2 protein chains.
Amino acid sequence: MSNFEAFFDYIQEISGKVLSEDDKHLLMAHFKTKKLRKRQYFLQEGDVCKYIGFIVKGSARTFTVDEKGHEHILKLSLENWWLADFESFYLLTPSRFNIEALEDLEVLQSTNAQIEEFLKHIPAFSAMANVISQNYTIANQKRMQAAMSYTAEERYEDLVSNYPQFLQRFPQNMIASYLGLSPETLSRIRKNSFK
Amino acid sequence: MSNFEAFFDYIQEISGKVLSEDDKHLLMAHFKTKKLRKRQYFLQEGDVCKYIGFIVKGSARTFTVDEKGHEHILKLSLENWWLADFESFYLLTPSRFNIEALEDLEVLQSTNAQIEEFLKHIPAFSAMANVISQNYTIANQKRMQAAMSYTAEERYEDLVSNYPQFLQRFPQNMIASYLGLSPETLSRIRKNSFK
DNA sequence: TCATGGTCTTGATCTAAATCAAGTTATTTG
DNA sequence: CAAATAACTTGATTTAGATCAAGACCATGA
């Protein structure tokens, strides 16, 4: 119950619309609470991402492993973020990504088919989806620009000012990987920036 | 007129829905043809991106200029692609990007306010918007992964297999910039790959 | 409680790709 | 058509950041 309160608030705030009691019951009937312990996987490479999850508590990382066995973190996620490999989720193709809990994780999850229903029947939900999709497009554009035009230092400064929570919640080596850096390089950047 | 035929076909194909005669008239009334000659700008850094354009003919690049005066191409666009800085277009903030015609360009353009109307009143248009937004999310995810995990060679091979048209339509130095490489490096990669 | 494995730092070395430079080939445009 | 400008190649040099290596500082659980 209390899980859903935060979820409902989130939908109403993002969408700027109100959820009716019927809407809420529909959501509660089809979003299931899923708990994962630290280091458990929400999604494994090769599996189809059947569920999309809304993070109620905890954090996660989305990453790939390249041929040399190196991990690359594409996304770090916290409370009130959505968790999924959207390519696999939309197209029902096997995922190239892994999603792993970095802290004990609690999500509200549902299936693609159910999401389609919510979009059709719950105006606040579909308005939220539009806003999120805009935000994602904008965030992706920014991240791509940063990856192409910025130096390692600049990318770190950017993260410090845009996602200060990350520094509190994620170990430094995860942040390095998210920025596309080796842990050693990030350590040196931080050392230099103390002056 | 004939411009609009291709546009209508595109909307119907992507959305999987049919446009009524009324829908078509609404679109024709509010999408204006805009022609740009090679090297003219569809959008200049600092301006708000008031229009979104659908490319009927020609090509364009979206790029930034960094402090050192270096250009970075974030997007290369061809026929049947949408042209805009979405951040600026959605939020009405000044753009950090330039959009320049690389060939003589013909677009059908409209404003944010008008697009909202189309989304509200034309089911095929709003279905199209959802599909495009999915495709963008997927494409961005892939591009980000490529930027983080792939070497220069791999990124080029990826482009050759996923966007072979680019090789026909864009000069090599533009492709280099799109891949985040210097023109010299791309030239050497191509030389090596002939064996 | 201590030992075991993960995390962070610091230094030395290496490497992929950028930069600098100069010449060659194409494309525009007056 | 010639002149000018842009695009491409090739070689020499530099550099940002990766990799390798080793020690210090932790958590956390048996």
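Residue numbers start from 1 in every chain, and the chains themselves are labelled A, B, ... in the order their sequence lines are given, proteins ahead of strands. This structure is a prediction, so every number in the text was calculated from the model and none was measured.
Residue pairs meeting the salt bridge (charged side-chain N to carboxylate O under 4.0 Å, His left out) criterion with at least one member in residues 123-147 of chain A, sequence neighbours excluded, are A/Lys142-B/Glu87. Contacts classified as salt bridge (charged side-chain N to carboxylate O under 4.0 Å, His left out) and involving residues 153-164 of chain A (residues at least two apart or in different chains) are not found. Applying the ring pair (Phe, Tyr, Trp, His ring centres under 6.0 Å) test to pairs two or more places apart or on separate chains, those with a residue in residues 88-111 of chain A are A/Phe86-A/Tyr90. Among residue pairs with one or both ends in residues 112-122 of chain B, those qualifying as salt bridge (charged side-chain N to carboxylate O under 4.0 Å, His left out) are B/Glu117-B/Lys120; sequence neighbours excluded.
Through side-chain heavy atoms spaced under 4.5 Å, either directly or across other Ile, Leu, Val, Met, Phe, Trp or Tyr residues, B/Leu92 is tied to B/Val48.
Evaluation of the side chain to side chain contact (heavy atoms under 4.5 Å, CB included) rule for A/Asp66 yields A/Lys68, A/His70, A/His72 as partners, not counting sequence neighbours.
Note: A/Glu100 CD to A/Ser59 OG = 10.0 Å, rounded to the nearest 0.5 Å.
Linking Ile, Leu, Val, Met, Phe, Trp and Tyr whenever their side-chain heavy atoms come within less than 4.5 Å leaves B/Met148 and A/Ile99 in two separate clusters.
Contact between the side-chain N/O atoms of B/Thr185 and the OP1/OP2 oxygens of C/dA17 is not found at any separation under 4.0 Å.
Along DNA chain D, read 5' to 3', the first and last nucleotides having any atom under 4.0 Å from a heavy atom of chain B are D/dA7 to D/dA12.
Under a 3.5 Å cut-off, the side chain of A/Lys32 and the backbone N or O of A/Ala29 do form a donor-acceptor pair. Between the side chain of B/Ser95 and the backbone N or O of B/Asp85 there is no donor-acceptor pair closer than 3.5 Å. With hydrogens and angles disregarded, a donor-acceptor distance shorter than 3.5 Å links the side chain of B/Asp104 to the backbone of B/Lys38.
Of the residues in residues 59-77 of chain B, none has a non-hydrogen atom less than 4.0 angstrom from any atom of DNA chain D. Within residues 148-173 of chain A, the residues that have a heavy atom under 4.0 Å from DNA chain D are, in order of number, A/Thr151, A/Ala152, A/Glu153.
When A/Phe54, A/Phe7, A/Tyr51 are each tested for a ring pair (Phe, Tyr, Trp, His ring centres under 6.0 Å) with A/Phe31, only one passes: A/Phe7.
Computed from coordinates, the B/Lys191 NZ to C/dA17 P distance equals 17 Å when rounded to whole Å. Put simply, CG on B/Leu179 is 18 Å from P on C/dA16, counting in whole angstrom units. When the P atom of C/dA18 is taken as reference, atom CZ of B/Arg188 falls 10 Å away, rounded to whole Å.
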Practice problem: Verify ring pair (Phe, Tyr, Trp, His ring centres under 6.0 Å) between A/Tyr136 and B/Tyr136, making sure each step is shown before the conclusion. | Solution: CA-CA 10 Å; A/Tyr136 269 50; B/Tyr136 269 50; over 10 Å; no
Exercise. Under the salt bridge (charged side-chain N to carboxylate O under 4.0 Å, His left out) rule, what do A/Lys57 and A/Glu103 come out as? Steps first, then yes or no, please.
Key: CA-CA 9 Å; A/Lys57 184 111 198 51; A/Glu103 301 169 326; over 6 Å; no
Quiz item: What do the steps show when you test A/Glu79 against A/Arg169 for salt bridge (charged side-chain N to carboxylate O under 4.0 Å, His left out), and what is the final call?
Solution: CA-CA 11 Å; A/Glu79 287 82 5; A/Arg169 295 287 290 276; 3.0 Å; yes
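Residues A/Tyr156 and A/Arg190 bring a donor and an acceptor atom of their side chains to less than 3.5 Å of each other. A donor and an acceptor atom, one from each side chain of B/Ser133 and A/Ser133, are located under 3.5 Å apart. With no hydrogens or angles considered, a side-chain donor-acceptor pair links B/Asp23 and B/Ser20 at under 3.5 Å.
Each end of the helix from C/dT9-D/dA22 to C/dG30-D/dC1 gets its own axis from five base pairs, and the two axes differ in direction by 40°, given to 10 degrees.
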Do any N or O atoms of the protein come closer than 3.5 Å to N or O atoms of nucleotides 21-23 of chain C, and which pairs are they?
none

Quiz item: What string of B, S and - do you get for nucleotides 24-30 of chain C, 5' to 3', when a contact is any protein heavy atom under 4.0 Å?
Solution: ----SS-
